[in-house]
Amino acid sequence: MSSETARVSAASPALYDPLRFNRKTPPCAVVIFGANGDLTKRKLMPALYRLAFEGRLAPGFAVIGMSRTAMTDDEFRDRMKEAVKKFLEDSPFDEDLWRSFAQGLFYRAGDVMNPDAYGELKRCLEEVDTARRTASNVLFYLSTQPSQYAPIAEGLGKAGLATGSGWRRIVVEKPFGHDLESARDLDAHLQQFFNESQIYRIDHYLGKETVQNILAFRFGNGIFEPLWNRRYIDNVQITAAESIGVEGRGAYYQEAGALRDMVQNHLAQVMATVAMEPSATFSADAVRDERAKLLRSVRVPKPEDVPLIAVSGQYGPGRVGGEERIGFRQEKGVDPESQTDTYAAITFRIDNWRWAGVPFYIRTGKELPKRVSEIAIQFRSAPLAVFRNNGTADDDASVPNLLILRIQPEEGISLKFVSKRPGLGMTLRPVSMDFNYGSSFGERSPAAYETLLLDAIVGDATLYTRQDMVEASWQAVQPILDDWASRKFDFPNYAAGTWGPKAADEMLARNGHTWRRP
């Protein structure tokens with residue numbers, strides 16, 4: 001046992017598991033642009049600390065933070081310590097471990113729009129490489145405004161930092177453009193200096209345990225995959241609901257909206273994972289090939305069909321959990337006449353042999369009654385309701401089987417079916433069979449950013465989005481964006497604390513379906 005392992009074991013004996021220390025990352029330096037920002041403090045640094053706690057990081061691992069704020073290395077370390085202590089979830093904070101981890105934290109102030117900043121960064125990387133023995137491996141993480149992605153890639157390329165004796169990779173946060181054309185422009189800029197194998201487009205939804213488990217659930221169990229097609233499945237509903245508003249991000253959100261912020265990236269990728277064909281092997285290229293193939297099969301709506309398959313919404317004043325909430329147009333930084341969508345519901349159709357005729361309903365919104373993300377797969381009803389006249393209510397006798405994959409807040413899987421009630425006679429009622437990650441495995445699930453950062457460092461791109469996938473998802477929503485931009489909506493059209501506009505219910509009713517209430 002190494003001294004690092006022994007020290008962590010002694011500090012936290014109840015949490016020590018020697019199996020956690022088997023897989024380590026190669027030595028490397030992570031350069032975080034926007035290191036003084038919210039994402040670094042809330043997600044990136046707590047995730048890196050947790051990887052250190054688990055012994056996943058090489059002894060010489062280093063982080064170089066960069067932003068415009070002037071700070072010394074020690075000041076940066078102090079700020080990151082407070083951030084980790086504040087935002088670290090379901091994990092202990094170990095002072096001894098932090099002292100060891102903080103020795104690898106460095107900081108350089110610089111404006112990413114200034115070419116001189118990259119010369120200073122190059123010198124810093126050389127110094128860190130010598131001191132920490134990072135093997136000249138560098139992961140660049142763009143935790144900045146999207147408008148700075150292309151200039152940063154250019155600055156790195158012109159300074160000679162996109163190549164080196166070790167590997168070089170660049171992680172790009174979403175959004176990947178704000179429409180199809182800008183997504184292609186961004187990729188063209190990135191690929192002037194980094195090739196596709198070096199570019200890691202991060203989507204934290206793909207790092208969530210339940211989303212990853214979709215692949216295991218489908219392809220690791222022989223009883224489900226034969227049913228995973230249009231013959232047995234009636235419809236699929238993917239919901240990502242938030243019970244909060246824009247939380248002080250009104251100015252940003254006004255430019256994005258629900259369709260861009262959630263549907264085009266996160267939920268389209270979830271849909272692709274649910275509906276993709278089995279890959280020949282569980283390798284990054286094979287899995288991503290199947291996701292890309294699925295997204296290319298999504299029917300691109302005609303302009304005249306958009307009003308029938310897409311619903312835009314914006315919340316007004318209301319009550320959530322007994323608390324009064326203001327409308328979106330009253331939020332700070334929001335135009336009082338804003339036409340931004342805070343709710344989006346879309347009917348997607350997949351034109352391939354497996355899914356022809358099966359609607360995929362996606363909805364997302366803010367200020368809804370509860371925070372929940374789930375995938376609900378509704379199977380076709382039994383062809384003959386043989387128990388309808390046995391004292392069973394019609395609704396109970398014909399209730400379809402429902403498979404629910406819960407992404408948050410409680411990750412797990414639930415299967416709903418009908419069963420005979422105890423007693424005389426043949427009376428049926430719906431029941432559930434539940435699986436919960438926390439209670440079933442009795443161990444902590446890694447946060448999405450832990451998984452994705454570890455994968456980027458070891459060079460596993462399975463859970464990252466490829467450019468052809470980005471373009472395919474933009475193509476599917478571009479006609480909707482164009483239509484919504486050309487119309488004036490009568491907003492707000494749903495009150496905070498409700499499940500969205502009435503038009504979303506009507507959209508499903510046209511197909512004989514109703515939204516599931518989580």
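What's counted below: heavy atoms across the whole structure, side chains too, no hydrogens, waters or symmetry copies.
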What's the separation between atom [atom1] in [X] and atom [atom2] in [Y], rounded to the nearest 0.5 Å?
{"X": "Tyr141", "Y": "Leu48", "atom1": "OH", "atom2": "CG", "result": "9.5 Å"}
{"X": "Arg299", "Y": "Gln475", "atom1": "CZ", "atom2": "CD", "result": "15.5 Å"}
{"X": "Arg56", "Y": "Thr25", "atom1": "CZ", "atom2": "OG1", "result": "9.5 Å"}
{"X": "Ile170", "Y": "Ile199", "atom1": "CD1", "atom2": "CD1", "result": "7.0 Å"}
{"X": "Leu259", "Y": "Thr342", "atom1": "CG", "atom2": "OG1", "result": "12.5 Å"}
{"X": "Leu294", "Y": "Met271", "atom1": "CG", "atom2": "CE", "result": "6.5 Å"}

Any donor-acceptor N or O pair under 3.5 Å, side chains [X], [Y]:
{"X": "Asn195", "Y": "Ser197", "answer": "yes"}
{"X": "Gln269", "Y": "Asn265", "answer": "no"}
{"X": "Tyr315", "Y": "Glu331", "answer": "yes"}
{"X": "Ser414", "Y": "Asp434", "answer": "yes"}
{"X": "Tyr343", "Y": "Glu367", "answer": "no"}
{"X": "Thr465", "Y": "Asp203", "answer": "no"}
{"X": "Gln467", "Y": "Glu471", "answer": "yes"}
{"X": "Ser473", "Y": "Gln264", "answer": "yes"}
{"X": "Asp179", "Y": "Ser182", "answer": "yes"}
{"X": "Gln198", "Y": "Arg168", "answer": "no"}
{"X": "Thr72", "Y": "Asp74", "answer": "no"}
{"X": "Ser373", "Y": "Tyr205", "answer": "yes"}

Cation-pi between Arg77 and Phe106: NZ/CZ under 6.0 Å from ring centre and within 45° of the ring axis?
->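 Ring-cation test returns yes.
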
Taking C-beta and beyond as the side chain, do [X] and [Y] meet within less than 4.5 Å on heavy atoms?
{"X": "Arg260", "Y": "Leu481", "result": "yes"}
{"X": "Arg288", "Y": "Met469", "result": "yes"}
{"X": "Phe328", "Y": "Lys366", "result": "no"}
{"X": "Phe194", "Y": "Val172", "result": "no"}
{"X": "Met276", "Y": "Leu215", "result": "yes"}
{"X": "Asp187", "Y": "Arg201", "result": "yes"}
{"X": "Thr163", "Y": "Phe193", "result": "no"}
{"X": "Leu125", "Y": "Leu161", "result": "yes"}

Evaluate the ring planes of [X] and [Y], with Trp represented by its six-membered ring, and classify them as parallel (under 30°), tilted (30 to 60°) or perpendicular (over 60°).
{"X": "Phe101", "Y": "Trp98", "answer": "tilted"}
{"X": "Trp355", "Y": "Phe360", "answer": "perpendicular"}
{"X": "Tyr464", "Y": "Tyr200", "answer": "perpendicular"}
{"X": "Phe33", "Y": "Tyr118", "answer": "tilted"}

Heavy-atom pair with the smallest gap, counting every atom of [X] and [Y]:
{"X": "Arg50", "Y": "Pro92", "value": "NH1-CD, 4.0 Å"}
{"X": "Pro409", "Y": "Val372", "value": "CD-CA, 4.2 Å"}
{"X": "Met80", "Y": "Leu105", "value": "CB-CD1, 4.3 Å"}
{"X": "Leu142", "Y": "Ile152", "value": "CD2-CG2, 3.5 Å"}
{"X": "Gly60", "Y": "Thr134", "value": "O-CG2, 3.4 Å"}
{"X": "Ala135", "Y": "Asp129", "value": "N-OD1, 3.2 Å"}

With a 3.5 Å distance limit and no angle check, can you tell me whether [X] reaches the backbone of [Y] through a side-chain donor-acceptor pair?
{"X": "Thr130", "Y": "Glu126", "result": "yes"}
{"X": "Asn436", "Y": "Gly412", "result": "no"}
{"X": "Asp341", "Y": "Gly257", "result": "no"}
{"X": "Arg169", "Y": "Ala456", "result": "yes"}
{"X": "Thr210", "Y": "Arg406", "result": "yes"}

Under 4.0 Å between a side-chain nitrogen and a carboxylate oxygen: does that hold for [X] and [Y]?
{"X": "Asp261", "Y": "Lys174", "value": "yes"}
{"X": "Asp468", "Y": "Arg296", "value": "yes"}
{"X": "Glu225", "Y": "Arg218", "value": "yes"}
{"X": "Glu127", "Y": "Arg123", "value": "no"}
{"X": "Asp73", "Y": "Arg108", "value": "yes"}
{"X": "Arg354", "Y": "Glu277", "value": "yes"}
{"X": "Lys86", "Y": "Glu82", "value": "no"}
{"X": "Lys293", "Y": "Glu290", "value": "yes"}
{"X": "Glu89", "Y": "Arg42", "value": "no"}

Run the side chain to side chain contact (heavy atoms under 4.5 Å, CB included) check on Glu411 and Asn213 step by step: do they pass?
-> CA-CA 10 Å; Glu411 296 182 331; Asn213 196 49; over 6 Å; no

Please step through side chain to side chain contact (heavy atoms under 4.5 Å, CB included) for the pair Leu121 and Val31, ending with a clear verdict.
-> CA-CA 9 Å; Leu121 176 60; Val31 176; 4.0 Å; yes

Other residues, nucleotides, ligands: >12 heavy atoms within 6.0 Å of Glu181 CD |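 Atom CD in Glu181 is not packed in, count stays at 12 or less.
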
More than 12 heavy atoms of other residues, nucleotides or ligands under 6.0 Å from CD of Gln191: is that the case?
->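 Buried by this count: over 12 neighbours within 6.0 Å.
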
Take Glu95 and Lys85, measure what side chain to side chain contact (heavy atoms under 4.5 Å, CB included) needs, and give me the verdict at the end.
-> CA-CA 10 Å; Glu95 288 283 355; Lys85 291 174 72 173; 4.2 Å; yes

Would you please indicate yes or no on a ring centroid separation below 6.0 angstrom for Tyr149 and Phe176?
->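 No.
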
Going through the distances and angles, do His204 and Glu173 end up as a side chain to side chain contact (heavy atoms under 4.5 Å, CB included)?
-> CA-CA 9 Å; His204 75 270; Glu173 274 281 346; 5.9 Å; no

